[in-house]
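Here the structure is a predicted model, which means the values were calculated and not measured.
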Amino acid sequence: MSLPESSAKLARVPTGFNVVPPPGWDIIPLQNGTDEAIRKIVNKSVLQLPPGFPKDDIPKARLRLIKELKETVRQARKSNGLSLYLPIERIHGMIIPASFVASEPLHAQVGDVDSRDLLINIAQNADISSARELDEIAAVRTLQKLPPAPDKGVEVPSWRVQYVVPIPNSTPARLMTFTFSTLIVPDMDIKFAETLVELFDAVMTTFRWSYA
């Protein structure tokens, strides 16, 4: 995934990044190629419909999935998303209610506040936070357990894990964010939610900067 051009003007400033998504997950780029990626995911999902699924209902299922994916894309773009990662393979007949978004760089400097100070502020303001490293760069990981938000169309509780990492050697200092969310749906074992969070943590260990 490439970063916006303004992030790559100085020597040894990364031009992009790479992460390895879990098996059964796919990527929707949010700047170019979005519609094509949605079509491919819908086609894969239709092939996974259970045997005996009424053929007359397939067009409706296809349209419903397209609508859901476009709404997910719309929400991801609100956070200046670069790429959206989401599961497309069913586990025990269901799609995991989770996703994560890589968001484009944000300016870290506000007056005299540099990226290190901002990371400290983020950690202090979070319910649960910890220091991490992403490709040898100091980062912060936060966890929030959020109540339902019906006004935003979220009828059940959710968990959100976010990694915030400065882009090395960027001037002014800029930050990347990687935000994982999972819904705590009825009858969902909390241990399963914890497993999903651990899965995201494992994905973030694959993070690497890329250079032109």
Side-chain angles (χ1 to χ4, degrees), residues 1-34 37 41 72-73 75-89 96 98-109 114-123 125-126 128-144 158-182 193-212:
M1 173 61 62
S2 298
L3 300 179
E5 186 176 349
S6 60
S7 299
K9 291 183 178 179
L10 300 179
R12 303 306 297 167
V13 175
T15 55
F17 64 89
N18 294 294
V19 293
V20 180
W25 288 54
D26 215 328
I27 306 171
I28 298 179
L30 299 175
Q31 295 188 331
N32 297 292
T34 304
I41 289 173
T72 303
V73 164
Q75 294 295 332
R77 283 174 169 162
K78 282 185 177 181
S79 62
N80 297 316
L82 285 172
S83 50
L84 168 66
Y85 303 76
L86 68 174
I88 62 168
E89 292 186 5
I96 297 172
S99 64
F100 69 94
V101 179
S103 295
E104 69 181 40
L106 302 174
H107 289 287
Q109 288 189 330
D114 63 18
S115 59
R116 184 179 297 273
D117 291 333
L118 191 57
L119 289 181
I120 292 172
N121 290 338
I122 290 171
N125 291 327
I128 303 173
S129 64
S130 58
R132 298 295 174 98
E133 278 195 359
L134 296 181
D135 199 12
E136 301 183 351
I137 300 297
V140 166
R141 174 194 184 274
T142 62
L143 168 63
Q144 290 180 289
S158 62
W159 288 8
R160 184 171 68 187
V161 180
Q162 185 173 75
Y163 281 73
V164 183
V165 60
I167 298 175
N169 304 316
S170 57
T171 304
R174 307 184 85 192
L175 301 173
M176 289 278 310
T177 61
F178 296 82
T179 307
F180 167 86
S181 298
T182 184
E194 293 172 347
T195 298
L196 293 177
V197 169
E198 291 173 359
L199 178 65
F200 176 59
D201 287 333
V203 167
M204 293 309 299
T205 66
T206 73
F207 173 89
R208 296 294 183 272
W209 297 111
S210 59
Y211 298 85

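Nearest heavy atom pair, residue Thr205 against residue Ala202, reads OG1-O, 2.5 Å. Among all heavy-atom pairs drawn from Ala126 and Thr142, the shortest one is CB-CG2, 3.5 Å. The shortest non-hydrogen separation linking Pro87 to Ala98 is CD-O, 3.0 Å. In this structure, Ile122 and Val164 approach most closely via the heavy-atom pair CD1-CG1, 3.9 Å. The nearest pair of heavy atoms linking Val197 to Arg141 is CG1-NH2, 3.2 Å. Of all heavy-atom pairs between Ile27 and Ser83, the closest is CG2-CB, 4.1 Å.
To the nearest 0.5 angstrom, Met204 atom CE is 10.0 Å from Arg132 atom CZ. Here the straight-line distance linking atom CG of Asn125 with atom CD1 of Ile120 works out to 12.0 Å at 0.5 Å rounding. Atom CG in Leu175 sits 7.5 Å away from atom CD1 in Ile167 (nearest 0.5 Å). Atom CG of Leu84 and atom CD of Gln75 lie 11.0 Å apart (nearest 0.5 Å). Atom CD of Gln144 and atom OG of Ser129 lie 10.5 Å apart (nearest 0.5 Å). From Leu199, atom CG reaches atom OG1 of Thr182 across 10.5 Å, with rounding to the nearest 0.5 Å.
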Apply the test side-chain contact (heavy atoms from CB on, under 4.5 Å) to residues Leu86 and Ile41: give CA-CA distance (whole Å), side-chain angles for both, the deciding distance (0.1 Å), then the verdict.
CA-CA 10 Å; Leu86 68 174; Ile41 289 173; 4.3 Å; yes
Which is it for Arg174 and Val13 under the side-chain contact (heavy atoms from CB on, under 4.5 Å) test, yes or no, and what are the steps along the way?
CA-CA 11 Å; Arg174 307 184 85 192; Val13 175; over 6 Å; no
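Counting only heavy atoms from C-beta outward, the side chains of Val203 and Phe100 approach each other to under 4.5 Å. Within the 4.5 Å cutoff, the side chain of Leu196 has heavy atoms near those of the Phe180 side chain. Side-chain contact between Met176 and Ile137 is absent, with no heavy-atom pair separated by less than 4.5 Å. Looking at Ile28 and Leu30, their side chains come closer than 4.5 Å, going by heavy atoms from C-beta outward. Looking at heavy atoms from C-beta onward, Ser79 lies in side-chain contact with Val101 at the 4.5 angstrom threshold.
The ring pair (Phe, Tyr, Trp, His ring centres under 6.0 Å) test with Phe17 is passed by exactly one of Tyr211, Trp209, Phe178: Phe178.
A distance-only check finds a donor-acceptor pair linking the side chain of Asn169 to the backbone of Arg12 [under 3.5 Å].
Within a 6.0 Å sphere centred on CZ of Arg208, other residues, nucleotides and ligands contribute more than 12 heavy atoms.
In this structure, Tyr163 and Phe200 have perpendicular ring planes: the angle between them is above 60°, well past the 30° mark.
In the model, Ser158 has no side-chain atom that pairs as donor or acceptor with a side-chain atom of Arg160 under 3.5 Å.
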